[in-house]
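Below is one structure, written out as structure tokens, with a few remarks after it.
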Amino acid sequence: MSQRARFLAYLAAVHLLMAAIAVPLLVQGGWWILAAELALVLSFLTGLHLVRRFTASLSFIDESAQLLEDGDVTSRLREVGHPQIDRLIRVYNRMIDALRAERVHLQEQHHFLALVLRESPGGILVLDFDGRVVMANPAAERLLQASPGALEGRRLDALDHPLARGVAGLGSGERRVFAVWGGRRVRAWHGTFPDRGFRRGFVLLEELTEELRQSEKTAYEQLIRLLSHEVNNTVGASNSLLNSCLSYAGQLRPDDAEDFTQALGTVIARTEQLNRFMQGFADVVRLPAPRPAPTEPGVLLDQLVELLKPEAHRRGIEIVRAGEPAVGPVPLDRAQVEQALLNVMKNGLEASPSGGRLTVRLLRRDGQPVIEVEDSGPGLPEDVREQLFTPFFSTKSGGQGIGLTVVQEIFGNHGFPFALDAPPGGPATFTVVLAAPSPAVA
């Protein structure tokens with residue numbers, strides 16, 4: 001029962017009781033009783049009026065409480081003519097105006113932030129208190145090869161993607177660069193922010209691939225051209241002079257002539273080796289644009305396996321051709337793709353121990369032809385994995401680091417997504433999809 005109803009019930013009860021007492025007195029006579037009854041009626045009406053005014057002045061409490069419960073910050077209360085109540089109403093209206101202005105400001109900021117997140121070239125993941133994704137912008141979905149909305153509500157360590165699993169292992173404040181599909185590199189940073197007194201996590205993903213690749217490519221192309229030009233000119237002129245000097249061997253004593261010929265021959269051999277060494281770098285720079293033609297990948301793999309069988313046998317390694325025998329013609333530059341796959345398979349043989357196995361698979365995945373080359377080696381440490389496909393980086397003693405650079409250039413020019421996954425303990429698996437990626441997962 002409301003306060004107004006209680007007041008009215010009280011007035012009615014009191015006046016009814018007084019009227020009940022006055023009725024017997026009125027029957028016994030006495031006009032003064034009528035005056036008392038009239039005063040009683042006037043008292044009731046006056047009390048009713050006062051109660052109505054009092055409850056009307058306090059009705060703003062119920063109205064304001066209802067407006068606050070409904071979240072309505074657009075309505076204001078009118079003053080009722082009571083000084084103290086009107087003062088409260090003015091304070092309430094100022095509070096509502098401030099709340100409305102703050103809500104509009106927050107909505108504008110939220111809209112602006114949503115636009116920035118959606119259009120940001122960097123990936124952004126916001127996590128809940130349990131580590132589940134509550135928001136992922138389009139760039140993050142692209143980097144994690146997920147369709148729109150597919151990441152929300154899922155934990156990163158439950159996603160079937162190497163980048164997601166790597167990011168899930170980051171500690172608060174930790175930053176790391178990950179190598180992902182296509183020789184791409186993504187820098188991830190795991191941060192936190194306060195929410196209702198607790199710490200929540202978020203992840204920033206920044207793809208470094210194109211920027212680094214272009215700057216690295218420009219730098220090493222200029223360097224290689226300069227070095228190749230100088231080495232070729234020097235080697236050509238030097239070998240010409242050295243070969244000319246060999247003609248004087250007949251004018252020397254036999255013992256001296258033999259030493260003279262052997263020394264010059266060693267120098268010529270070393271300069272020719274230097275020339276071949278530089279030629280390998282120059283081939284990376286001079287790699288022509290691919291000229292695709294319909295090619296059956298199965299036939300290509302069969303020929304590469306046969307080509308490498310003697311080398312595998314010499315190393316004591318079994319080379320196995322597995323998967324589909326054929327998947328149908330694929331448009332590609334046969335010579336370039338053959339060179340790239342040959343580099344990958346040779347790396348697999350070199351990484352596998354004697355008695356190991358190199359498996360070359362051809363399969364279809366999601367309707368697209370896929371080639372996998374899996375060795376039985378020990379894999380690679382985490383710090384080395386981050387450097388994969390870095391130009392001229394090599395883990396081999398005396399290695400030039402050209403092999404994977406050529407692989408990256410060839411498959412990158414074809415638009416074929418590829419990746420090398422070599423977790424510590426192995427096995428290392430190179431995967432290439434012989435088809436351009438769809439826009440959703442590019």
Mind listing the closest non-hydrogen atom pair of [X] and [Y] along with its distance?
| X | Y | value |
| --- | --- | --- |
| Asn137 | Met135 | N-SD, 3.7 Å |
| Ile410 | Gln336 | CD1-O, 3.1 Å |
| Pro290 | Pro292 | O-CD, 3.4 Å |
| Ser376 | Pro353 | O-CD, 3.4 Å |
| Arg200 | Asp128 | NE-CA, 3.9 Å |
| Val330 | Pro297 | CG2-CG, 3.8 Å |

Go through it in stages, so that I can follow the logic: the residues are Arg94 and Asp97, the test is salt bridge (charged side-chain N to carboxylate O under 4.0 Å, His left out), and I'd like the CA-CA distance, side-chain angles, deciding distance and then a yes or no. CA-CA 5 Å; Arg94 286 198 299 270; Asp97 291 341; over 6 Å; no
Is there side-chain contact between [X] and [Y], with heavy atoms separated by less than 4.5 Å?
| X | Y | value |
| --- | --- | --- |
| Phe430 | Asn347 | no |
| Val433 | Gln368 | yes |
| Glu372 | Val360 | no |
| Val373 | Thr359 | no |
| Val133 | Val126 | no |
| Pro194 | Arg199 | yes |

Does Glu174 have any salt bridge (Lys or Arg N to Asp or Glu O under 4.0 Å) partners at least two apart in sequence or in another chain, and if so, which? Arg176
Can you name the salt bridge (Lys or Arg N to Asp or Glu O under 4.0 Å) partners of Arg321, sequence neighbours left out? Asp302
Is there a salt bridge (charged side-chain N to carboxylate O under 4.0 Å, His left out) between Arg315 and Glu311 once you walk through the steps? CA-CA 6 Å; Arg315 292 175 175 269; Glu311 175 69 12; 2.7 Å; yes
N-O pairing of Arg364 and Glu324 below 4.0 Å: no
[atom1] of [X]: more than 12 outside heavy atoms within 6.0 angstrom?
| X | atom1 | answer |
| --- | --- | --- |
| Phe193 | CZ | yes |
| Asp130 | CG | yes |
| Arg291 | CZ | no |

With under 30° as parallel and over 60° as perpendicular, where do the rings of Phe129 and Phe198 fit, or are they tilted in between? perpendicular
Nearest-0.5 Å distance, [atom1] of residue [X] to [atom2] of residue [Y]:
| X | Y | atom1 | atom2 | answer |
| --- | --- | --- | --- | --- |
| Arg165 | Arg155 | CZ | CZ | 14.5 Å |
| Phe202 | Thr192 | CZ | OG1 | 7.0 Å |
| Asp375 | Ile317 | CG | CD1 | 9.0 Å |
| Leu341 | Ile371 | CG | CD1 | 5.0 Å |
| Leu349 | Lys309 | CG | NZ | 12.5 Å |
| Leu358 | Leu308 | CG | CG | 8.0 Å |

Who pairs with [X] by side chain to side chain donor-acceptor pair (under 3.5 Å), at least two apart in sequence or on another chain?
| X | value |
| --- | --- |
| Gln303 | Arg334 |
| Arg90 | Glu79 |
| Glu338 | none |

Keeping the roles fixed (side chain from His190, backbone from Gly201), state whether a donor-acceptor pair exists under 3.5 Å. no
For Val186, which of Leu144, Leu143, Val167 qualifies under side chain to side chain contact (heavy atoms under 4.5 Å, CB included)? Leu143
Please report, to 0.1 Å, the donor-acceptor pairs under 3.5 Å made by any side chain of residues 106-120, with sequence neighbours excluded.
| unit_1 | atom_1 | unit_2 | atom_2 | d |
| --- | --- | --- | --- | --- |
| Gln109 | NE2 | His105 | NE2 | 3.3 |
| Ser120 | OG | Gly122 | N | 3.2 |
| Ser120 | OG | Gly122 | O | 3.3 |

